[in-house]
Enquirer: 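Here's a structure for you.
Everything numeric in this text was worked out from a predicted model, so none of it was measured.
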Amino acid sequence: MAGAALIACAGSRDAASAAERFDDPVQISLDESRWCPASPLLQTPGLATGPTGMARPADGPDAFIRNMVVVRLDVRYDAVECDDGCRSKVSEILAQSLNLWRNLCLRCGRGLMAFVVDGDSAYLDRDLYVAWRDAPEGTFQGLLGATAALLRLDGSTPASGSHVAGSYVRVPTSSNALQDICKSDLGAFQNEWPGTLKSALCSKSPGTPTLHITFTKGLACGKQSLIGCGSPEKEITINAARFRFEDSEGKFEGSRFLLGNKASERVVDIRAALLHEIGHFLGVDHLPMNEFPNTNIEPVMTQTLEPGMCVSTADARMLNNVSDRNWTYRAKDCSGLEWR
C-alpha cells in the first residue's frame, strides 16, 4: 500500500551509513490502477510495450521536460481547508502522478523527474535512493553512487527490473545526505543533477523547474465548468469551491472526501484530476477523441472527466511527441478538464 512500506537497511557498514544518510524512508508505490489495459507500462505477453519508434530521439529542439531530473512542487491552498494529513496525502498523490508520467517518456533522457522536492519532503527514484544509501561513507561517494544509478535510468529501463521504473522513496529534506548537499561546495557536480537538487532544496532558485499548484475558491482559468486547468511549464489551478474532491486510494470504488466543497454533488476523483493537469504541465494536450475508435478505455487526457480515466498508449505517444518543443500539437496555456 502507498506510503506504508518502510525501506529496510541491510546489516553492514553500508547500513550504518544508510541510517545516517536518510531519515524515515517510506516507499511510495506505483498506482497501477491508473494504467489502461495494454498500457506501455504493463508487461503483457504478446503485446508491444508502446508505439513503434517512440524511443527514438526527438527531431526538433528540446522541450523543458528533456533531461528534467529534478522538479520542485509549490503547492498553495488559497483559503481552502486542508489539514496536515490532507496536505501529506495531496503530496503523495502528486508524486504518484509524476511517477506514472515519468515512466512513459522514452525520449526524455536519463532520470526524468528522478527527484521531486515538496516542502519538507523529497521523493527519490528508488533505485537511485538505494545506490546512494549503500555507497561508501562521504558526501561525494554518495553522489557518485547515485550518479551511477542515474546513468542507468535511460527512460525505458530502470537500474534494476523490467520496463516499469518502479517507485519513489520519500525522505525528509532534513536528512543528512540532502543537508550535506546544501552545505557543500559541489565542485564538478554543480553543473550536474546535484547542483539542480541543491537549488531546489536550499535556495529555491527561480531557475529550478517548478510545478506551481493552487487549490483555489475561485475559477480555474476563468471558466466555471473547469475542474482544473494547467499551463505547460508553469502551473496547475484546481477549483476547490465548486467541486468535492475524493481520494480513491488507488481504487475506483470506496473513495473518501479529501478537500473542496464537501456539500457539492459534483464529486471528482482527485487522482484523475491531478494526473490530467500534470499532463498539461508537461505539455500534453487533450486527445482528439473523435479520431479514436469506440472502446471501454477512457484515456486520462480526454477533455471531459469520465469514470475510470487511465494512462493509455495514446497518452504516452503524446508525451513523447511533446519532448520536441516545435511539435504542432503541444498543449496551450489554460488547457483544462471539463465537468461531464
Side-chain angles (χ1 to χ4, degrees), residues 30 34-36 39-42 48-73 94-116 123 125 128 150-159 163-166 168 191-193 196-197 200 207-212 230-236 274-288 291 299-302 310-335:
L30 282 164
R34 298 297 163 180
W35 292 343
C36 299
S39 148
L41 297 179
L42 289 179
T49 58
T52 302
M54 195 165 68
R56 68 173 176 77
D59 297 325
D62 290 348
F64 88 115
I65 62 172
R66 290 273 296 165
N67 304 309
M68 185 173 70
V69 177
V70 181
V71 62
R72 184 170 68 90
L73 304 184
L94 286 166
Q96 288 176 316
S97 299
L98 290 166
N99 197 29
L100 284 168
W101 280 116
R102 78 183 178 110
N103 291 317
L104 284 168
C105 193
L106 307 188
R107 295 181 181 178
C108 288
R110 291 183 173 92
L112 175 67
M113 297 186 287
F115 300 92
V116 179
Y123 298 86
D125 173 89
L128 193 150
L150 182 70
L151 292 175
R152 295 193 295 270
L153 295 173
D154 67 355
S156 60
T157 306
H163 174 75
V164 178
Y168 282 127
N191 295 323
E192 304 295 333
W193 66 264
T196 309
L197 182 59
T208 305
T210 302
L211 168 54
H212 301 279
S231 295
E233 308 179 28
K234 298 176 185 175
E235 61 190 356
I236 288 170
L274 291 177
L275 191 59
H276 179 101
E277 300 308 340
I278 286 173
H280 289 321
F281 167 74
L282 297 174
V284 182
D285 205 353
H286 293 133
L287 292 174
E291 299 178 14
V300 74
M301 294 313 295
T302 53
C310 54
V311 181
S312 69
T313 300
D315 298 310
R317 186 183 291 114
M318 293 277 281
L319 179 67
N320 281 268
N321 282 327
V322 301
S323 66
D324 175 354
R325 187 176 289 278
N326 287 344
W327 190 51
T328 304
Y329 303 103
R330 284 173 55 83
K332 308 298 188 292
D333 282 355
C334 286
S335 299

Enquirer: Kindly give the heavy-atom pair with the smallest separation between Glu277 and Gly230, and that separation in Å.
Expert: OE1-N, 3.1 Å
Enquirer: Let's go through Leu30 and Asn103 carefully: what are the C-alpha distance in whole Å and the side-chain angles of both, what is the deciding distance for side chain to side chain contact (heavy atoms under 4.5 Å, CB included) to 0.1 Å, and is it a yes or a no?
Expert: CA-CA 11 Å; Leu30 282 164; Asn103 291 317; 3.8 Å; yes
Enquirer: Are Leu282 and Val322 packed together at the side-chain level, in the sense that at least one heavy-atom pair is separated by less than 4.5 angstrom?
Expert: no
Enquirer: Go through the structure and list residues passing side-chain contact (heavy atoms from CB on, under 4.5 Å) with Ala95, not counting sequence neighbours.
Expert: Tyr123, Tyr168
Enquirer: To the nearest 0.5 Å, what is the distance between CG (Asn67) and CG (Leu112)?
Expert: 9.0 Å
Enquirer: From Ser97 OG over to His276 NE2, what is the distance, rounded to the nearest 0.5 angstrom?
Expert: 12.5 Å
Enquirer: Looking at every non-hydrogen atom in both residues, tell me the closest pair between Trp101 and Leu275 and how far apart they are.
Expert: NE1-O, 2.9 Å
Enquirer: For Leu150 versus Val69, what's the shortest heavy-atom pair and its separation?
Expert: CD1-CG1, 4.1 Å
Enquirer: Ignoring hydrogens and angles, state whether a donor on the side chain of Ser312 or Asp315 is under 3.5 Å from an acceptor on the partner side chain.
Expert: yes
Enquirer: Specify the closest pair of heavy atoms between Asn320 and Ser323, including all atoms of both residues, with the distance to one decimal.
Expert: O-OG, 2.6 Å
Enquirer: Calculate, to the nearest 0.5 Å, the distance between atoms NE2 and CD1 belonging to His212 and Ile236 respectively.
Expert: 11.0 Å
Enquirer: If you take all heavy atoms of His286 and Thr302, which pair is closest and at what distance?
Expert: CD2-O, 3.9 Å
Enquirer: Stepwise, does the side chain to side chain contact (heavy atoms under 4.5 Å, CB included) test hold for Asp285 with Arg330?
Expert: CA-CA 6 Å; Asp285 205 353; Arg330 284 173 55 83; over 6 Å; no
Enquirer: Rounded at 0.5 Å granularity, tell me how far CG in Leu100 sits from CZ in Arg34.
Expert: 9.0 Å
Enquirer: List the residues meeting salt bridge (Lys or Arg N to Asp or Glu O under 4.0 Å) with Lys234, not counting sequence neighbours, and say none if there are none.
Expert: Asp333
Enquirer: Which value, rounded to the nearest 0.5 Å, describes the distance between Phe115 atom CZ and Leu128 atom CG?
Expert: 4.0 Å
Enquirer: Would Asn99 and Arg102 count as having a side-chain donor-acceptor pair, cut-off 3.5 Å?
Expert: yes
Enquirer: Tell me, do Asn321 and Tyr329 make a side-chain contact under 4.5 Å, heavy atoms counted?
Expert: no
Enquirer: Taking atom CG of Leu98 and atom CG of Leu211, what is their separation to the nearest 0.5 Å?
Expert: 6.5 Å
Enquirer: Under the side-chain hydrogen bond (donor to acceptor under 3.5 Å, both in side chains) test, which residues partner Trp193, sequence neighbours left out?
Expert: Thr147
